[in-house]
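Encoded as structure tokens, the structure appears first; notes follow it.
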Amino acid sequence: MRYDSAFIDGQWQPVSGTETLGLVDPSTEEEFASVRLAGTAEVDAAVAAARAAGAAWRAADRISVLRKAREAIEKRRAEFAGLITRDMGCPPKIADLVQVGTPLAVLDGFLSLSEVPDETIAHSLVVREPIGVVGAITPWNYPLHQVVAKVAPALLAGCTVVLKPSEVAPSAALLLAEVFDEAGLPPGVFNVVVGTGPVVGAALAAHPGVDMVSFTGSTAAGRLVSRAAADTVKRVALELGGKSASVVLPDADLAKAVKATVSNAFLNSGQTCTAWTRLLVHRDHHDEAARLAGEFASAMADRLGPLASKAQWDRVQGYLAAADATLVAGGPGRLENRDRGYYCKPTVYSGVAPSSVLAQEEIFGPVLSVIPYGDTDEAVEIANGTPYGLAGGVWAADNETALAVARRLRTGQVDINGARFNPLAPFGGYGQSGIGREMGKFGFDEYLEVKAIQLPA
Ligand code: NAD
């Protein structure tokens with residue numbers, strides 16, 4: 001793996017600076033490599049390469065190239081999964097199924113979209129064109145999926161890309177550069193520069209040669225990206241944090257709903273932006289729901305991977321130490337049967353006040369808050385009562401009732417009675433969960449400009 005280089009203009013170019021960052025396997029706490037951090041010189045070179053490659057890429061048979069790339073990712077599926085496990089701790093089975101399986105499904109979704117046809121509105125011809133050079137900035141929790149969710153639609157739309165992956169988990173992005181290169185992506189179409197957010201991410205967001213910045217990460221960093229992008233008035237897409245609610249209506253199958261909520265909340269050790277970290281149950285069912293959640297959570301302990309880094313461990317432990325609710329399962333400290341690694345206990349709190357820190361802030365660890373409500377109006381008010389709005393679930397005896405409540409939730413996605421993920425459905429946030437949508441047609445449109453050409457009568 002080329003941890004000392006950036007992939008620019010189809011070449012691995014040694015990074016000019018000397019600053020390095022150790023990559024640590026979170027299951028052993030041991031450093032296995034160190035990455036040399038790029039700076040603004042690499043950003044400038046990558047943006048120049050992406051600009052130069054634009055015209056030829058717009059004329060290329062992009063679908064065939066991306067089909068080949070898709071096959072190449074599938075072929076090296078085990079390698080991708082292994083690198084992701086080592087970089088950020090996701091257990092091998094989940095790394096294969098979710099960390100690599102989901103981006104493959106997302107890529108299939110984009111490949112299945114037909115060309116965007118021109119439209120006619122009265123005497124105007126409306127055409128869509130690639131926006132140009134895209135700066136993509138991604139986090140460490142799904143290091144391949146978040147990249148593919150941006151890069152696949154951008155490239156298919158005819159854009160060229162400079163990617164800054166998370167410096168904490170850069171390996172999947174570096175392997176992707178290799179795979180794309182072997183699949184025949186022309187030089188300059190896809191560039192990868194590994195560096196820190198405040199240096200490389202900020203430079204990319206502010207760069208006059210970048211037409212759009214697409215960011216996934218924390219709301220705090222998203223704000224900075226937005227500010228950095230403002231002077232050049234580029235398009236900004238933000239996929240940010242969440243504090244999603246699973247709303248269990250009184251007539252729902254309680255055990256089924258609680259079990260599904262626990263497994264959703266703890267997927268990837270709770271390091272998932274869409275995690276249903278708030279379980280809302282009628283107050284008459286609260287104690288039973290808390291008991292069940294504690295039971296399911298404890299049963300998952302051996303299947304959870306570690307948190308991705310020491311920083312993430314410290315952050316989650318800080319929330320656990322300050323928690324002001326009834327502890328049902330888990331709590332502060334390392335999982336009992338582990339003597340090393342950032343293994344956090346799957347934790348459930350009950351009787352959580354909707355306005356408390358536990359119920360308001362994104363913890364990004366395996367921590368579930370059970371919150372009681374009195375009636376459906378109150379459940380909706382609590383569900384909508386955070387600055388976020390990314391995902392959610394509604395459970396009821398019949399789908400119609402659940403749908404009526406789902407319509408009232410201010411959030412980008414809602415799953416009814418455990419309905420499954422759809423890689424073609426728009427994904428993104430209300431409120432401080434972000435701006436714009438990824439996936440499917442909506443995700444594709446983000447990378448297009450719209451031009452109206454008025455035709456004479
Ligand atoms: P983070 O915000 O710290 O970092 C995300 C990326 O932004 C990294 O590449 C980082 O280097 C970069 N960055 C940091 N500061 C920057 C700056 N000032 N300018 C430009 N780039 C900067 O987030 P993280 O800790 O890597 O990931 C966890 C967060 O991501 C969580 O809050 C989670 O909810 C969010 N997330 C959201 C989604 C979504 O689709 N909505 C998906 C996954 C993760």
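Every number for a ligand or one of its atoms is a count from 1 in the order of the listing. Side chains included, hydrogens not; waters and symmetry mates left out as well; all remaining heavy atoms used.
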Which atoms from ligand 1 have a heavy atom of [X] less than 4.0 Å away?
X: F427; result: 40 (O)
X: L390; result: 41 (N)
X: N141; result: 43 (C), 44 (C)
X: G241; result: 34 (O)
X: E167; result: 10 (C), 11 (O)
X: F215; result: 2 (O), 6 (C), 7 (O)
X: L224; result: 18 (N)

Over-ring placement of R338 relative to Y343, 6.0 Å and 45° cut-offs: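 Yes, R338 sits over the ring of Y343.
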Lys/Arg-Asp/Glu bridge criterion (N-O < 4.0 Å) met for R51, D211: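 The answer is yes: the pair qualifies as a salt bridge.
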For the side chain of [X] and the backbone of [Y], is there at least one donor-acceptor N/O pair under 3.5 Å apart?
X: R278; Y: A383; result: yes
X: K243; Y: L358; result: yes
X: S309; Y: Q312; result: yes
X: E42; Y: S16; result: yes

Test side-chain contact (heavy atoms from CB on, under 4.5 Å) applied to L163 and T138, L204, L174, the passing residue: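 Of all the options given, the one that passes is T138.
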Is [X] near ligand 1, meaning one of its heavy atoms is under 4.0 Å from it?
X: A202; answer: yes
X: Y142; answer: no
X: S166; answer: yes

Looking only at non-hydrogen atoms, which of [options] approaches [atom] most closely?
atom: atom 19 (N) of ligand 1; options: A205, G197, A311; answer: G197
atom: atom 39 (C) of ligand 1; options: C273, G201, P139; answer: C273
atom: atom 23 (O) of ligand 1; options: S218, G195, A136; answer: S218
atom: atom 40 (O) of ligand 1; options: E239, R315, E362; answer: E239

Shortest non-hydrogen separation from L238 to S226 and the atoms involved: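 Minimum heavy-atom separation between L238 and S226: CD1-OG, 4.1 Å.
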State whether the shortest distance between N or O atoms of [X] and N or O atoms of ligand 1 falls below 3.5 angstrom.
X: T138; answer: yes
X: T219; answer: no
X: G217; answer: yes
X: W140; answer: yes

Protein heavy atom under 4.0 Å of atom 4 (O) of ligand 1: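 Neighbour list for atom 4 (O) of ligand 1 is empty of protein heavy atoms (cut-off 4.0 Å).
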Throw together a table of side-chain donor-acceptor distances under 3.5 angstrom for residues 187-200, partners on residues two or more places apart or in other chains.
| residue | atom | partner | partner atom | Å |
| --- | --- | --- | --- | --- |
| N191 | OD1 | D9 | N | 2.9 |
| N191 | ND2 | V161 | O | 3.0 |
| N191 | ND2 | G188 | O | 2.9 |
| T196 | OG1 | V199 | N | 3.4 |

